[in-house]
Number of protein chains: 2
Amino acid sequence: MNRQILVVEDEAPIREMITFVLEQNGFNAIEAETIEQAQAKIKEPYPDLILLDWMLPGGTGVKLAKSLKQNEYTRTIPIIMLTARADEDDKVKGFDAGIDDYVTKPFSPKELIARIKAVIRRVAPTALEEAIEFHGIKLDPVAHRVSINDKSLDLGPTEFRLLHFFLTHTERVYSREQLLDNVWGTNVYVEDRTVDVHIRRLRKAIAGEGHEDFIQTVRGSGYRFSGKTKDRA
Amino acid sequence: MNRQILVVEDEAPIREMITFVLEQNGFNAIEAETIEQAQAKIKEPYPDLILLDWMLPGGTGVKLAKSLKQNEYTRTIPIIMLTARADEDDKVKGFDAGIDDYVTKPFSPKELIARIKAVIRRVAPTALEEAIEFHGIKLDPVAHRVSINDKSLDLGPTEFRLLHFFLTHTERVYSREQLLDNVWGTNVYVEDRTVDVHIRRLRKAIAGEGHEDFIQTVRGSGYRFSGKTKDRA
DNA sequence: AATAATTGTGACAGTTTCATGACACCGATA
DNA sequence: TATCGGTGTCATGAAACTGTCACAATTATT
């Protein structure tokens, strides 16, 4: 589960900070200061992703990227380039070399992590793209389809994401704020109560089919998606 | 319960506005105009979060951030940096010092509050999340569920917290004041006898299932949650 | 036994929280 | 431009929750 990320960056403070942030976020960081060091560390086990600084002593990062892309075993490792400025020319050169994404300095920890996750998701489309089935509810993220007991539903985008989140996080209470973070996104600022309304819409959409109370209100805490019927004592 | 937030900002109008917004949203604001003032105020009780302006007389905010991150006790206090758009290049320097997030001026109150909550949520999770089992009583804080001998209970928020406290503090007498402190929160003014009523409600909710007297009254002292059948002191 | 102290219990009103329908806004599209 | 689906916010009423009280029941004290 823990992804290995190789950080190639010559400036020690930035490198250490990146490592710190990565490990805070559950990644496993490996450090390299130079292209030579990096090449030495790209052996088995191969890292799952490489964070590559653009300006490096002993050659630009693109050089390393190119050589990696030529090797059968390292060819598929995604690379995120760290560039000092958003320079169009550099980007073009980078894309030639098969760079997967860019993060322009300065960047925030949040941004970095978000990019990394995005790239991993894109390259390894495993879990997030798998169809889910839960108590007769089928959700196919790829086809963007939902059905209950083989009767298909018509959901709006937000309702779809909300249901998707719930289906992958069942039997657990989430506060309105947590739902906003996970379904709407971290930098969206809407009222807590907006969640209520969407819960309502989703409930309405999946109502009437078998199991009544998939979405349960936990007063004072939030909502829970559960297969167990809400029984009271 | 109330989070303490230290606002380090030299411009009075902005500082006061921030304080106002914070207090509107249930936070407890402490103000500081300079780095020196801020350092003087970062003593026990340590603030839960620091809002730090970038441009300050007597040094940049990063300086303060760095010194905080070096101290064992202040190291974990999350910092949100306030930067003006023009300061963007300094992001790297801030990042370097271990900033948790940025809010770029001008910002809306909504955005500020959302960021603060997100950071607090990210920094202070876990710990109280483990499921407990005690003589057939199961309590799962994550799912927010309680059952006795696999029969699920329906508890209100206060009853839930009270039971949670008892399950993590069994076989020991607690006075009404202690229970108020631990379950209601420290600076809440309610009558002692309120505890009695909630004890009653909790007793009622878990009654009839096997062991009769989980909650024992210790006359003159308080209450005790116990697995042993009623014995007296 | 009588009295005092303490706790149990039911009721109640004020408050908080939630469900729900309505509505205005926005971007896409015809 | 007009329409339409999707979305966020608000007002409203219902329901749940909470703290407090009055009084009953129990236990301790004289």
Side-chain angles (χ1 to χ4, degrees), chain A residues 144 146 153-165 173-177 179-181 183-185 187-208 212-225 230 232-233, chain B residues 1 25-26 108-111 113-114 144 146 153-164 173-181 183-185 187-208 212-225 230-233:
Chain A
H144 210 271
V146 190
L153 296 192
D154 184 29
L155 298 181
T158 306
E159 289 152 42
F160 187 88
R161 288 200 308 278
L162 184 57
L163 179 58
H164 188 210
F165 176 79
V173 175
Y174 291 92
S175 70
R176 290 173 176 73
E177 288 173 4
L179 290 173
L180 285 177
D181 271 5
V183 177
W184 276 255
N187 27 15
V188 175
Y189 312 106
V190 289
E191 297 293 322
D192 284 5
R193 300 259 154 259
T194 299
V195 175
D196 297 34
V197 179
H198 281 271
I199 290 281
R200 154 105 172 81
R201 287 165 182 163
L202 184 53
R203 270 176 173 158
K204 206 173 189 177
I206 66 182
E212 274 300 314
D213 285 330
F214 281 108
I215 303 174
Q216 298 165 359
T217 304
V218 179
R219 195 160 246 265
S221 298
Y223 294 97
R224 172 181 54 209
F225 198 91
K230 182 188 175 186
R232 37 183 60 239
Chain B
M1 197 65 239
N25 284 274
S108 71
K110 205 184 261 185
E111 178 181 358
I113 296 299
H144 210 276
V146 189
L153 298 192
D154 189 24
L155 300 180
T158 306
E159 289 151 41
F160 188 89
R161 288 200 307 278
L162 184 57
L163 179 59
H164 190 200
V173 178
Y174 290 92
S175 70
R176 291 172 176 74
E177 283 84 359
Q178 287 176 310
L179 290 172
L180 284 176
D181 274 3
V183 177
W184 274 253
N187 26 15
V188 198
Y189 88 106
V190 259
E191 298 293 323
D192 283 7
R193 295 302 308 281
T194 298
V195 175
D196 296 35
V197 177
H198 280 272
I199 290 281
R200 153 104 174 93
R201 286 166 182 162
L202 184 54
R203 271 176 172 158
K204 207 173 190 176
I206 66 183
E212 273 301 314
D213 284 328
F214 281 107
I215 304 174
Q216 298 167 356
T217 304
V218 180
R219 190 161 241 267
S221 301
Y223 295 96
R224 171 178 52 208
F225 199 91
K230 192 173 173 186
D231 48 56
R232 40 193 54 251

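Each chain gets a letter, A, B and so on, in the order the sequences are listed, and its residues count up from 1.
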>> Expressed as a whole number of angstroms, how long is the span from Asp196(B):CG to dC21(D):P?
In response: 13 Å
> Would you call the rings of His144(A) and Phe160(A) parallel, tilted or perpendicular if under 30° counts as parallel and over 60° as perpendicular?
Replying inline: parallel
>> Whole angstroms only, please: what is the CG-C1' distance between Leu202(A) and dG6(D)?
In response: 15 Å
> Where does the angle between the aromatic ring planes of Phe225(A) and Phe214(A) fall among parallel (under 30°), tilted (30 to 60°) and perpendicular (over 60°)?
Replying inline: parallel
> Base, sugar-phosphate, or nothing for Tyr223(B), non-hydrogen atoms under 4.0 angstrom?
Replying inline: sugar-phosphate
> Are Arg201(A) and Lys204(A) close enough that some pair of their side-chain heavy atoms sits under 4.5 Å apart?
Replying inline: no
> Can you check the Phe160(A) CZ to dG6(D) P distance for me, whole Å?
Replying inline: 14 Å
> Quick one: Ile199(A) CD1 to dG8(D) C1', roughly how many Å, whole number?
Replying inline: 15 Å
> With a 4.5 Å heavy-atom cut-off, do Ile206(A) and Leu153(A) have their side chains touching?
Replying inline: yes
>> Tell me whether the rings of Tyr174(A) and Phe165(A) are parallel (<30°), tilted (30 to 60°) or perpendicular (>60°).
In response: perpendicular
>> So Val173(B) and Tyr223(B), do their side chains get closer than 4.5 Å, heavy atoms only?
In response: no
>> Rounded to whole Å, please give me the gap between CG in Asp213(B) and P in dT7(C).
In response: 16 Å
>> Rounded to whole Å, please give me the gap between CZ in Arg203(B) and C1' in dT9(C).
In response: 11 Å
>> Less than 4.5 Å apart, side chain to side chain, heavy atoms only: is that true for Arg193(A) and Arg176(A)?
In response: yes
Using the 3.5 Å cut-off, write out each protein N or O paired with an N or O of nucleotides 9-15 of chain D and the distance between them.
{"residue": "dT9(D)", "atom": "OP1", "partner": "Lys110(B)", "partner atom": "NZ", "Å": "3.1"}
{"residue": "dT9(D)", "atom": "OP2", "partner": "Glu191(A)", "partner atom": "N", "Å": "2.8"}
{"residue": "dT9(D)", "atom": "OP2", "partner": "Thr194(A)", "partner atom": "OG1", "Å": "2.5"}

> In whole Å, what is the span from the CG atom of Asp154(A) to the P atom of dG5(D)?
Replying inline: 10 Å
> Expressed in angstrom and rounded to an integer, what is the separation of Leu180(A) atom CG from dT7(D) atom P?
Replying inline: 14 Å
>> Is there a side-chain contact between Thr217(B) and the phosphate of dT6(C), meaning an N or O under 4.0 Å from OP1 or OP2?
In response: no
> Closest to the Trp184(A) side chain: dT7(C), dT18(D), dG8(D)?
Replying inline: dG8(D)
